[in-house]
Amino acid sequence: MSIKPSLINYRNTHIIPFRFEYYEPGSLKEVFEILEKLGNAAKILAGGTDLLVKMKTRQVEPKALVNIKRIKELKGIVDEGDRIRIGALTTLRELEESSLIAMHLPALHDAVKQMASIQIRNMATIGGNLCNASPAADTAPPLLVHEALVKTASIEGERIIPITEFFKGPGLTVLKPTELLVEIIVNKENGSSAFSKMGRTAMDLAIASVAIYLKTRGDVVEDVRVAAGAVAPTPIRCPRTETMLKGRMINEVSVELVRVIEEEVKPISDVRATAEYRRHLVKILAYDVFHKAVERSRGGT
């Protein structure tokens with residue numbers, strides 16, 4: 001279909017008003033061959049919850065769409081004993097309903113429960129959420145504090161990339177045009193974690209979000225990792241906040257102590273919130289999430 005551009009063509013309607021080629025490969029080998037042939041001209045279709053909206057509003061107009069939903073090896077959550085493998089096509093709803101994710105990656109479980117509606121969570125995939133590379137991607141801060149690895153593949157072979165090196169800017173990752181994100185790998189650890197975000201409404205994108213991984217020894221913070229979303233060009237780790245918290249008595253940790261996170265973030269003002277509000281909010285979220293992780297480390301939920 002090709003429709004002459006007009007203002008209506010830039011609204012989110014049911015119409016995709018431009019021509020594109022459509023591919024539906026049945027194996028990874030076919031996917032790699034198509035990507036090798038098309039390169040930047042192709043876009044990967046997984047859940048479609050971000051890409052199709054962008055196509056309807058003509059933010060992107062790919063010459064070809066490669067639907068990977070039939071690739072079975074990209075689906076599912078696998079317990080390998082000391083680590084968990086999550087296929088890139090695993091939906092947010094599958095993560096939400098997984099007892100394995102709730103037990104070993106509670107911050108990620110928190111995040112997917114707070115994302116969009118059940119209908120959207122049934123379609124959206126973890127791989128799509130990461131590859132969309134939104135600064136507000138809710139699955140990113142939990143995976144940053146759990147120090148996940150992402151596995152990519154192409155006709156040339158595989159790469160294992162720390163998730164700290166995956167995001168390059170708004171909408172940008174280290175993925176090459178011929179590469180596909182195939183799975184996320186996370187080691188099981190003894191500590192606990194938590195995540196929280198604040199949006200304008202229950203199903204809106206985050207104004208700010210924070211995830212914390214925490215390991216305690218008695219009442220002392222033995223190890224801690226902190227990440228934030230929607231407050232910089234990419235989801236980020238917050239090393240100065242981590243240094244501030246490590247070795248502290250739990251009852252010493254106050255809103256004033258986590259204030260340093262305000263200095264680590266680089267938010268912008270946009271339609272959702274001002275930069276000043278985001279700085280204030282990330283500090284409050286960090287305090288709340290820290291104590292939520294402490295409660296879990298002591299057997300709470």
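These numbers were taken from a predicted model, which means no experiment stands behind them.
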Subject >> Considering all heavy atoms, the nearest Ala208-Leu281 contact >> reply: CB-CD2, 4.0 Å
Original post:
Any side-chain donor-acceptor pair under 3.5 Å between Asn40 and Lys176?
Top reply: no
Subject >> Of Val66, Ile34, Leu65, the residue whose pairing with Ile44 passes side-chain contact (heavy atoms from CB on, under 4.5 Å) >> reply: Val66
**OP:** Examine distances only and state if a side-chain atom of Glu165 and a backbone atom of Pro162 form a donor-acceptor pair shorter than 3.5 Å.
**Re:** no
Original post:
Within the distance-only criterion (no hydrogens, no angle test), does the side chain of Ser269 pair as donor or acceptor with the backbone N or O of Ala275 below 3.5 angstrom?
Top reply: yes
Original post:
Would you say the side chain of Thr234 lies within less than 4.5 Å of the side chain of Pro135, judging by non-hydrogen atoms?
Top reply: no
Original post:
Where the side chain of Ser98 meets the backbone of Leu95, is there a donor-acceptor pair that is under 3.5 Å apart?
Top reply: no
Original post:
Below 4.0 angstrom, N of the basic side chain to O of the carboxylate: do Asp204 and Lys197 qualify?
Top reply: no
Original post:
Given the rule that I, L, V, M, F, W and Y join up when any side-chain heavy atoms are under 4.5 Å apart, are Ile155 and Leu74 in one cluster?
Top reply: yes
**OP:** Examine Leu130 and Leu89 and state if one hydrophobic cluster contains both, with Ile, Leu, Val, Met, Phe, Trp and Tyr joined whenever side-chain heavy atoms are less than 4.5 Å apart.
**Re:** no
**OP:** Report whether Met244 and Val282 are members of the same hydrophobic cluster (ILVMFWY, side-chain heavy atoms less than 4.5 Å apart, transitive linking).
**Re:** yes
Original post:
Within a radius of less than 6.0 Å around CG of Asp82, do more than 12 heavy atoms belonging to other residues, nucleotides or ligands occur?
Top reply: yes
Original post:
Looking only at atom types and distance, does a side-chain atom of Asn129 sit under 3.5 Å from a main-chain N or O of Thr139, one as donor and one as acceptor?
Top reply: yes
Subject >> Derivation of the side chain to side chain contact (heavy atoms under 4.5 Å, CB included) call for Met103 and Ile101 >> reply: CA-CA 5 Å; Met103 178 178 294; Ile101 298 299; over 6 Å; no
**OP:** Go through the structure and list residues passing salt bridge (charged side-chain N to carboxylate O under 4.0 Å, His left out) with Glu96, not counting sequence neighbours.
**Re:** Arg93, Arg121
Original post:
About how many Å separate SG of Cys238 and CD of Glu264, when rounded to the nearest 0.5 Å?
Top reply: 5.0 Å
**OP:** State whether Glu242 and Arg237 are salt-bridged, where the test is any N-O pair (Lys NZ or Arg NE/NH1/NH2 against Asp/Glu carboxylate O) under 4.0 Å.
**Re:** yes
**OP:** Provide the closest heavy-atom pair for Val253 versus Tyr287 in the form atom of the first, atom of the second, distance.
**Re:** O-CE1, 3.5 Å
Subject >> Test item: Glu21 and Lys63 side chains (from C-beta on) under 4.5 Å apart, heavy atoms >> reply: no
Original post:
Is the backbone N or O of Ala64 less than 3.5 Å from a side-chain atom of Tyr23, with the two atoms forming a donor-acceptor pair by type?
Top reply: no
Subject >> Connected via hydrophobic side-chain network under 4.5 Å: Met115 and Ile86 >> reply: yes
Subject >> Nearest atoms (heavy-atom pairs only) where Pro25 meets Arg70 >> reply: O-CB, 3.9 Å
**OP:** Decide side chain to side chain contact (heavy atoms under 4.5 Å, CB included) for His146 and Ile163; before the verdict, give the C-alpha distance in whole Å, the side-chain angles of both, and the deciding distance to 0.1 Å.
**Re:** CA-CA 10 Å; His146 279 284; Ile163 196 164; over 6 Å; no
**OP:** Please confirm whether the backbone N or O of Gly76 pairs with a side-chain atom of Thr90, one donor and one acceptor, at under 3.5 Å?
**Re:** yes
Subject >> Within one Ile-Leu-Val-Met-Phe-Trp-Tyr cluster: Val224 and Leu143, side-chain cutoff 4.5 Å >> reply: no
Original post:
In terms of side-chain heavy atoms, does Glu158 have a donor or acceptor partner in Thr152 at a distance below 3.5 Å?
Top reply: no
Subject >> Contacts of type salt bridge (charged side-chain N to carboxylate O under 4.0 Å, His left out), residue Arg85, not counting sequence neighbours >> reply: Glu80, Glu183
Original post:
Between atom CZ of Phe32 and atom OG1 of Thr178, what is the distance when rounded to the nearest 0.5 Å?
Top reply: 9.5 Å
Original post:
Hey, does Val220 have a side-chain heavy atom less than 4.5 Å from the side chain of Ile250?
Top reply: no
Subject >> Criterion side chain to side chain contact (heavy atoms under 4.5 Å, CB included) on Leu214 and Ser192, from CA distance to verdict >> reply: CA-CA 5 Å; Leu214 179 71; Ser192 191; 5.7 Å; no
Original post:
In terms of heavy-atom contacts, does NZ of Lys69 have more than 12 from other residues, nucleotides or ligands at under 6.0 Å?
Top reply: yes
**OP:** Compare every heavy atom of Ala153 with every heavy atom of Val182, then report the nearest pair and how far apart it is.
**Re:** CG1-CB, 4.0 Å
**OP:** Please examine the side chains of Glu262 and Val260, heavy atoms only from C-beta on, and report whether any two atoms are closer than 4.5 Å.
**Re:** no
Original post:
In terms of side-chain heavy atoms, does Gln59 have a donor or acceptor partner in Thr57 at a distance below 3.5 Å?
Top reply: yes
Subject >> Asn187 and Glu147, any side-chain heavy atoms less than 4.5 Å apart >> reply: no
Original post:
Is the backbone of Ile118 close enough, under 3.5 Å, to the side chain of Asn122 for a donor and an acceptor to pair up by distance?
Top reply: yes
Subject >> Gap separating the CD1 atom of Ile212 from the OG atom of Ser196, nearest 0.5 angstrom >> reply: 10.5 Å
**OP:** Starting from the C-alpha separation in whole Å, work towards a yes-or-no answer on side chain to side chain contact (heavy atoms under 4.5 Å, CB included) for Ile284 and Asp288.
**Re:** CA-CA 6 Å; Ile284 304 300; Asp288 287 348; 4.0 Å; yes
Original post:
Where is the tightest heavy-atom contact between Glu179 and Leu35, given as atom of each residue plus distance?
Top reply: O-CD1, 4.0 Å
Subject >> Residue among Arg240, Arg279, Lys283 satisfying salt bridge (charged side-chain N to carboxylate O under 4.0 Å, His left out) with Glu263 >> reply: Arg240
Original post:
What pairs meet the side chain to side chain donor-acceptor pair (under 3.5 Å) rule with one or both residues in residues 25-34, with sequence neighbours excluded?
Top reply: Lys29-Glu33
**OP:** Run the salt-bridge test on Arg225 and Glu189 with the 4.0 Å N-O cut-off and return the result as yes or no.
**Re:** yes
Original post:
Side-chain contact, heavy-atom cut-off 4.5 Å: Ser154 with Leu180?
Top reply: no
Original post:
Any side-chain heavy-atom pair from Met55 and Pro62 closer than 4.5 angstrom?
Top reply: yes
**OP:** Give, for atom CZ of Arg296 and atom OG of Ser193, the distance between the pair rounded to the nearest 0.5 Å.
**Re:** 6.5 Å
Original post:
For the atom pair CG (Leu105) and CG (Leu100), what is the distance rounded to the nearest 0.5 Å?
Top reply: 7.5 Å
**OP:** Hey, could you give me the CZ/CG distance between Phe290 and Leu285, rounded to the nearest 0.5 Å?
**Re:** 15.0 Å
Original post:
Is the shortest heavy-atom distance from the side chain of Pro141 to the side chain of Val210 under 4.5 Å?
Top reply: no
**OP:** Salt-bridge test for Asp138 and Lys113: reply yes if a basic N is under 4.0 Å from a carboxylate O, no otherwise.
**Re:** no
Original post:
So among Lys246, Arg217, Arg248, which one has a salt bridge (charged side-chain N to carboxylate O under 4.0 Å, His left out) with Asp223?
Top reply: Lys246
Original post:
Distance-only, no hydrogens or angles: does the Lys151 side chain make a donor-acceptor pair with backbone N or O of Ile184 under 3.5 Å?
Top reply: no
Original post:
Going by distance alone, is a donor N or O of one side chain under 3.5 Å from an acceptor N or O of the other, for Asn67 and Tyr22?
Top reply: yes
**OP:** Taking all non-hydrogen atoms of both residues into account, name the closest pair between Ala111 and Phe195 and its distance.
**Re:** CA-CD2, 3.5 Å
Original post:
Hey, are Thr216 and Glu222 close enough side-chain-wise for a donor-acceptor pair under 3.5 Å?
Top reply: no
Original post:
Just by modelled atom types, is the Gly229 backbone N or O under 3.5 Å from a matching donor or acceptor in the Ser209 side chain?
Top reply: yes
Original post:
Would you call Glu295-Lys292 a salt bridge at under 4.0 Å N-O?
Top reply: no
